[in-house]
Each structure stands twice: as C-alpha cells, then as structure tokens.
Chemist: 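One structure, pasted below without further comment.
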Amino acid sequence: FLFFCLQISWAKTSHMAHNLESLLHIIQAFWLCSFLHKFFLPLAPTCIFLFLYLLFTRFWLISVLYAIWWFYDYDTPSQGGHKLPVLCALKVWDYMRDYFPIKLMKTADLDPRHNYVLGFHPHGVLVVGAFANFCTNTTGFTQLFPGITSYLLMLPLWFRAPFFRDYIMCAGLIPSDKESASYLLSRQGGGNAVVIAVGGAREALDAHPGTYNVILAEKKGFIKLAMEHGAHLVPVFSFGENEVYDQFENPRGTWLRWIQDHLQSIMGISLPLFHARGVFQYSFGLMPYRKPINTIVGRPIRVEKIEKPTAEELDVLHQLYMDELNNLFEEHKGNYGVDKDTHLNFV
C-alpha cells in the first residue's frame with residue numbers, strides 16, 4: 001500500500017504525458033499485488049497477519065466480528081461466491097486493459113439457456129487474459145455474451161485467508177474444486193460459465209515467450225465435469241499470454257525444473273522464476289511487458305448429460321475438444337504473428 005501511495009505522489013509531480021504512463025504502472029502494480037499469487041509477499045498473507053494482529057490491539061472486535069461472519073459465510077465460496085458487477089465494471093480495469101492491451105473476441109454466440117465450461121489456454125505465468133476477460137467487464141464480456149455470468153476457478157487455499165477471500169469472491173473467483181464448479185453448473189435456467197485454466201500450475205512452468213505448449217493430453221477432469229452436468233464445452237485460446245514475462249530456462253530434466261515440479265506437487269502452486277521490466281525502467285523487474293493479449297472464445301461443443309460417462313465416452317469428447325482447440329489456434333494464429341509452421345504442442 002505504501003508503494004502504491006508513493007507512486008501516486010510521484011505521478012502528481014511529473015509531466016502530464018508521463019502521468020498517464022505512471023498511472024498505468026500503478027494500476028498494474030496494484031492488480032498484480034492484489035489478485036495474483038505468484039509473488040512472495042501477496043496480499044493473502046498480509047490479510048492473515050492483519051486479522052491476527054488486530055486481535056491483540058484495541059481493535060480486536062473487528063477480528064472477532066469478522067470471525068463470526070466467516071463462520072456464517074464459510075460455504076459461500078463453493079456456492080458461487082458473491083460477484084459484484086459494480087466492482088467488475090470499475091474504470092480502473094480499463095487502464096489495466098490498455099496497458100498491454102487486452103482484447104476479447106468471440107467466434108460464436110453462447111445461448112444463455114445453457115451452462116458452459118470454458119477451457120482457458122495457455123495458463124501463462126499469471127493468467128492475465130483470464131482475469132481481465134472473465135473477472136472484469138473491461139473487454140466487454142457481458143456485451144459479447146449477454147445473459148452469461150463468468151466465474152474463474154482459483155486455488156482453494158486462497159479462500160482460507162480472512163478478508164482476502166471476500167475480496168476475490170467479489171470479482172467472480174471461486175475455488176478450483178469439483179464442488180464449487182458443480183454448484184454453478186447444476187443451476188437451472190443456465191447462464192453460468194465456469195472458466196478453467198486447464199493446464200494449471202504445471203503449465204505455468206512452460207510459459208516461455210514463443211512457445212505453445214498446452215498441458216491437455218491427460219486432462220480429462222473438466223471433460224467429465226461437463227458431461228455430468230450437460231454443460232457445453234468452449235475452447236478458449238489467449239494469444240500473447242506467454243509473451244508478457246520472460247522465465248529462466250527450466251527444461252524438463254534440469255535441476256531447476258526438478259525442484260519446481262516437486263514444490264508444485266507439495267504446495268499445489270508453481271513457482272516460475274520470471275522477470276520482465278521495472279516500474280520506472282525497462283531493463284529488469286516484475287512488471288509485465290506491454291505485449292498485446294488477444295483472447296479468442298471458440299465455438300461451443302454440445303455436450304449431452306451423462307451422469308456416469310464411460311472411459312470411451314470421455315476419450316471421444318476429450319479428443320473432440322483437443323481437435324476444436326487446435327482448429328481455433330490454426331484458424332487465428334496468422335492474425336497474431338504466429339508463424340504458419342508453428343503448431344500447438346499437446347503435453
């Protein structure tokens with residue numbers, strides 16, 4: 001917070017042209033620190049510390065009252081949370097969108113009478129496109145897909161942090177477990193879209209500029225989820241997602257990758273060693289590069305409800321999904337500077 005305030009003061013004393021650039025940096029820094037989890041000092045541990053600290057001050061009643069609210073509200077994250085359209089429509093997100101910039105495009109309409117599972121690829125280091133497009137309305141999701149409410153899945157551990165859990169739920173983030181997704185997909189009347197970064201934490205370790213590795217070959221859980229609820233599948237590919245950060249070389253088989261894979265299996269989160277530019281200089285830092293991100297929402301794949309799908313039925317739909325994702329990539333790659341000889345690599 002102090003860092004945020006210092007940058008505001010600095011911007012006020014700068015030239016107007018520099019003020020806009022500084023404002024973009026401020027918004028981006030605030031977003032990185034508040035919603036994303038790859039930093040060593042994220043907001044979640046700060047909220048935990050604040051909750052405990054207040055118990056030993058004259059403001060102890062705040063923590064006590066919140067604890068009561070927490071007990072009462074404990075199941076809310078797995079029941080759709082409490083997404084606030086007002087928060088998602090704040091002007092502040094427009095500055096974040098324009099920083100890269102980020103664009104959302106559709107290839108087909110989504111019928112609001114159905115529920116959907118959107119598979120987001122690739123994960124990238126920080127799922128920038130997924131957050132901007134599906135947790136805010138800055139790229140026009142509600143205008144492109146009227147009647148559809150999107151929810152982005154996030155690791156469940158972040159919903160165990162006091163104060164922070166309420167903050168992220170307001171943006172439409174829900175725990176990435178079957179219970180949470182099933183609650184939304186089982187709602188009658190449709191209009192719910194559960195967004196899953198299918199490659200997850202493992203895929204973040206492969207997020208190098210110029211690479212198109214997609215961890216999907218053995219990922220069938222989201223396919224089964226869609227079949228059990230009759231939710232239509234929608235492939236989503238985000239061009240530029242891997243370009244906003246550089247990452248230290250960590251090919252499989254190296255000691256660095258071995259350590260990262262083991263930490264990921266223990267902690268549930270990956271720890272890519274990434275870097276990009278600084279706030280006031282362009283040589284080195286944790287601010288992402290200003291590279292365009294173009295997220296393409298593919299055509300929905302119709303899914304019939306099968307409560308207990310067989311392995312063969314899962315394999316058929318999984319292959320169809322992979323084919324549709326590959327077709328989406330091949331159809332649009334030429335528009336975003338991807339060489340014609342470059343293809344998706346399913347891992």
Chemist: Any salt bridge between Glu330 and Lys340, counting N to O under 4.0 Å?
Modeler: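 Between Lys340 and Glu330 there is no salt bridge, as every charged N stays at least 4.0 Å from the carboxylate O atoms.
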Chemist: Parallel, tilted or perpendicular: which describes the rings of Tyr321 and His121, with under 30° parallel and over 60° perpendicular?
Modeler: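 Answer is tilted, since the angle falls between 30° and 60°.
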Chemist: Take the angle between the ring planes of His275 and Phe284 and call it parallel below 30°, perpendicular above 60°, tilted in between.
Modeler: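 Parallel.
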Chemist: Would you mind checking if Lys178 and Glu228 are paired as a salt bridge, meaning a charged N to carboxylate O distance below 4.0 Å?
Modeler: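 Judged by the 4.0 Å cut-off on N to carboxylate O distance, Glu228 and Lys178 do form a salt bridge.
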Chemist: Do the charged groups of Asp261 and Arg252 touch, with an N to O distance under 4.0 Å?
Modeler: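 Arg252 and Asp261: not salt-bridged.
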Chemist: Looking at Glu218 and Lys220, is any side-chain nitrogen of the basic one under 4.0 Å from a carboxylate oxygen of the acidic one?
Modeler: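 Here Lys220 does not pair with Glu218 in a salt bridge, since their nearest N and O are not under 4.0 Å apart.
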Chemist: Are Leu185 and Val195 linked, directly or through intermediate hydrophobic residues, by side-chain heavy-atom contacts shorter than 4.5 Å (ILVMFWY only)?
Modeler: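 Not linked; separate clusters.
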Chemist: Under 3.5 Å, is there a donor-acceptor pair between the side chain of Thr57 and the main chain of Phe59?
Modeler: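 At least one qualifying donor-acceptor pair exists.
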Chemist: Taking C-beta and beyond as the side chain, do Ser78 and Tyr183 meet within less than 4.5 Å on heavy atoms?
Modeler: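 Contact flag for Ser78/Tyr183 side chains = no.
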Chemist: Salt bridge check, Asp98 against Arg290: does any charged N sit closer than 4.0 Å to a carboxylate O?
Modeler: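 Salt bridge between Arg290 and Asp98, a charged N being under 4.0 Å from a carboxylate O: no.
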Chemist: Is it possible for you to check whether Lys333 lies under 6.0 Å from the centre of the six-membered ring of Phe239, through NZ or CZ, and within 45° of that ring's axis?
Modeler: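 So Lys333 doesn't make the cation-pi contact.
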Chemist: Decide whether Asn250 and His208 meet the rule of one side-chain donor and one side-chain acceptor closer than 3.5 Å.
Modeler: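 Looking only at side-chain atoms, His208 and Asn250 do form a donor-acceptor pair, the distance falling under 3.5 Å.
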Chemist: Look at the side chain of Asn242 and the backbone N and O of Thr211, then say whether any donor-acceptor pair between them is shorter than 3.5 Å.
Modeler: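 Present.
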Chemist: Could you check whether the rings of Phe49 and Tyr53 sit parallel, tilted or perpendicular, using 30° and 60° as the cut-offs?
Modeler: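 Plane angle under 30°, so parallel.
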Chemist: Would you say the side-chain atoms of Asn115 pair up with the backbone N or O of Arg187, donor to acceptor, closer than 3.5 Å?
Modeler: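 Side chain of Asn115 to backbone of Arg187: a pair is present.
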Chemist: Report, as yes or no, whether the 6.0 Å neighbourhood of atom NZ on Lys83 holds more than 12 heavy atoms from other residues, nucleotides or ligands.
Modeler: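 Result for NZ/Lys83: enclosed.
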Chemist: Can you get from Trp69 to Phe163 by hopping between Ile, Leu, Val, Met, Phe, Trp and Tyr side chains that sit under 4.5 Å apart?
Modeler: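 Linked, Trp69 and Phe163 end up in one cluster.
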Chemist: Step through the shown structure and confirm whether more than 12 heavy atoms of other residues, nucleotides or ligands are within 6.0 Å of NZ on Lys106.
Modeler: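 Yes.
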Chemist: Is there a donor-acceptor contact under 3.5 Å from the side chain of His332 to the main chain of Ile296?
Modeler: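 No; judged by distance alone, with no hydrogens or angles, the pair does not exist.
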Chemist: Measure up the His232 and His114 rings against each other and bin them: parallel (under 30°), tilted (30 to 60°), perpendicular (over 60°).
Modeler: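 Ring orientation, 0 to 90° scale: tilted.
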Chemist: Does Trp93 use its side chain to pair, donor to acceptor, with the backbone of Leu87 at less than 3.5 Å?
Modeler: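 Yes, Trp93 side chain to Leu87 backbone: donor-acceptor pair under 3.5 Å.
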Chemist: Please tell me if the side chains of Leu328 and Asn326 come closer than 4.5 Å, counting only heavy atoms from C-beta onward.
Modeler: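 Leu328 vs Asn326: side chains apart.
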Chemist: Count the heavy atoms of every other residue, nucleotide or ligand shown that sit under 6.0 Å from CZ of Arg257, and state whether that count exceeds 12.
Modeler: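 Count over threshold, so yes.
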